[in-house]
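For clarity, every value in this text was computed on a predicted model and none was experimentally measured. Note that ligands are numbered from 1 as they come in the structure, with each ligand's atoms numbered from 1 the same way.
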Amino acid sequence: TFGDEEGEEGDWESRPPVVTVMGHVDHGKTKLLDAIRHANVVSKEAGGITQHIGAYQIVTELEHNERPITFIDTPGHESFTAMRARGAKVTDIVVLVVAADDGVMPQTVEALNHAQAAEVPIVVAVNKIDKEGANPAKIRQQLTEYGLVAEEYGGDTMFVDVSATTRQGLDELLTAILLTADASLDLRANTEQDPQGVVIEGKLDKGRGPVATVLVQRGTLRQGDSIVAGDAYGRVRSLLDEHGNKLKEALPSRPVQVVGLTSVPRAGDTFLVVEEDRTARQIADRRQARIRNAQNASMRKRISLEDLDAALKENRQLNLIIKGDNSGTVEALEEALMKIEVGDDISLRVIHRGVGGITKSDIDLALADDVIVLGFNVRAEGQATELANREGVDVRYYTVIYQAIDEIEAALKGMLKPEYEEVQLGTAEVREVFRVPKIGNVAGSLVRSGTIVRNSKARLLRDGNVVADNLTVESLRRFKDDATEVREGYECGIGLGSFNDIKAEDVIQTFEMREIPRV
Ligand code: GDP
């Protein structure tokens, strides 16, 4: 959860939970969010019309305490996944909406997979209980298959029967959210840290210019702050809540509209506050450059098994999605994969499994988490292939289990960071520097120890200090001839590529990086 780094000084205060509502289409997510918005039992701005700004906060009562809850007002797992794909962790609790007259549907399963992959606790809202044919017991029954066992059945997931239409059960739902937060999360944030958070939504307003709804995650955001949000920057001209009220400051978990940015940031961008306007602009510029680079890079590069991204290596966890033609093969494959042994520091996790082709939603899920998608006797659907190609998601197809095992084992081994050691090759003392057309400066040198080897790594020392590292011996000559190596006691000409800052009496040290073999 965000904002809860330990060991920092300052004023640690509890913060409200941030909730995302997910579920199958037409199960009532939008209507439920509307109903909750109006269920603001302790609302001080009674009658205040809430505008859609991408998130809102309500205040409810629990054991005679006023307790705020923040809701992300864009239902569905698309935005949840998009945020996570961009590294933003916003949601503390997922409310999984299931229509009692319909039951668990494909998107219900997807939503709960997303929540479980993100390790976010789930509260189930069994909606539409006002309808004829509503069967809330059946929903509980169905969801046990996915590991969501209702408290009344001995599990630890809270199920609440609600109707977004009659508003029955809403208070119970809010209570369940708070109880779940209190039981499983320690939601605190430091209000004195430098303010930081995430952009929930951005738009260009005709009158006010770029407007961004941000969620403060730590610190206190104030009017007048210099802010960078994604690659946008500016001075906070005004802070507005969902009722259009002007705020002087916003505390953690508070969603606010920020007016005063120079451009519109994207959902999932992080924001931070800096001392000076100038710094804000510099950071924004740098981010713009980085975004351009990343876009170029992602077009060039597909994540491959051998070259899983650095982030993945740091996580030391390989995530998999397994899709197969029937549940038997999926299970068999998962079981076999789980038996791969690669040492304790790396783990293999299946974040989603299912029967059928690889869908766009599988790819979305993969994007959020650095995942390899395995298709066993199934293929990716058209849109999914397109998205996977565009975003460089690693999708692998197999028809035999052992082949899948071999490749995943190789991937896991590839995640072990290679360790290198520097092996000294030789040192040479520069006697005289010659300027050679087209080649640059060449150091006429005497090899003092070891061997100078062409194409090896080099560093330049002057009076014992390293002037330049990471150079390469690009040319090596003995008299007029090219040499591959020159030994101790001999003279040679050394060229260090485009590096020309060489002076008489400098010392050139050459070395190579050798991979330390693993045992
Ligand atoms: P979403 O696609 O999940 O956002 O679903 P909506 O909120 O748009 O709801 C889909 C339909 O179900 C709409 O016609 C709603 O009016 C209706 N609906 C939502 N909740 C309830 C409920 O609790 N009871 C009844 N009877 N209808 C509901």
As a check for students: among Ala134, Gly28, Ala35, identify the option with a heavy atom nearest to atom 9 (O) of ligand 1. Gly28

Output all residues satisfying side chain to side chain contact (heavy atoms under 4.5 Å, CB included) with Ser184, sequence neighbours left out; order by chain, then residue number. Pro121, Thr180

Purely on distance, is any nitrogen or oxygen of Asn127 under 3.5 Å from one on ligand 1? yes

Less than 6.0 angstrom separating the ring centers of Phe71 and Tyr56, yes or no? yes

List for me each residue that meets side chain to side chain donor-acceptor pair (under 3.5 Å) alongside Arg379, sequence neighbours excluded, and say none if there are none. none

If you compare Val126, Thr166, Val97, Thr165 by their heavy atoms, the one closest to atom 22 (C) of ligand 1 turns out to be Thr165

Quick one: pull up CD1 in Ile58 and CD1 in Ile36 and give me the separation to the nearest 0.5 Å. 7.0 Å

Are a donor atom and an acceptor atom from the side chains of Asp73 and His52 found within less than 3.5 Å of each other? yes

For ligand 1, which atoms sit closer than 4.0 Å to a heavy atom of Ala164? 20 (N), 22 (C), 23 (O)

Show which atoms of ligand 1 fall inside a sub-4.0 Å distance from at least one heavy-atom site of Asp26. 1 (P), 2 (O), 3 (O), 5 (O), 10 (C), 12 (O)

Min over Lys128, Lys131, His24 of heavy-atom distance to atom 18 (N) of ligand 1 lands on Lys128

Does either side chain, that of Asn113 or that of His352, offer a donor lying less than 3.5 Å from an acceptor on the other one? yes

For the 3.5 Å polar cut-off, considering only N or O atoms, please tell me whether Val25 and ligand 1 meet it. no

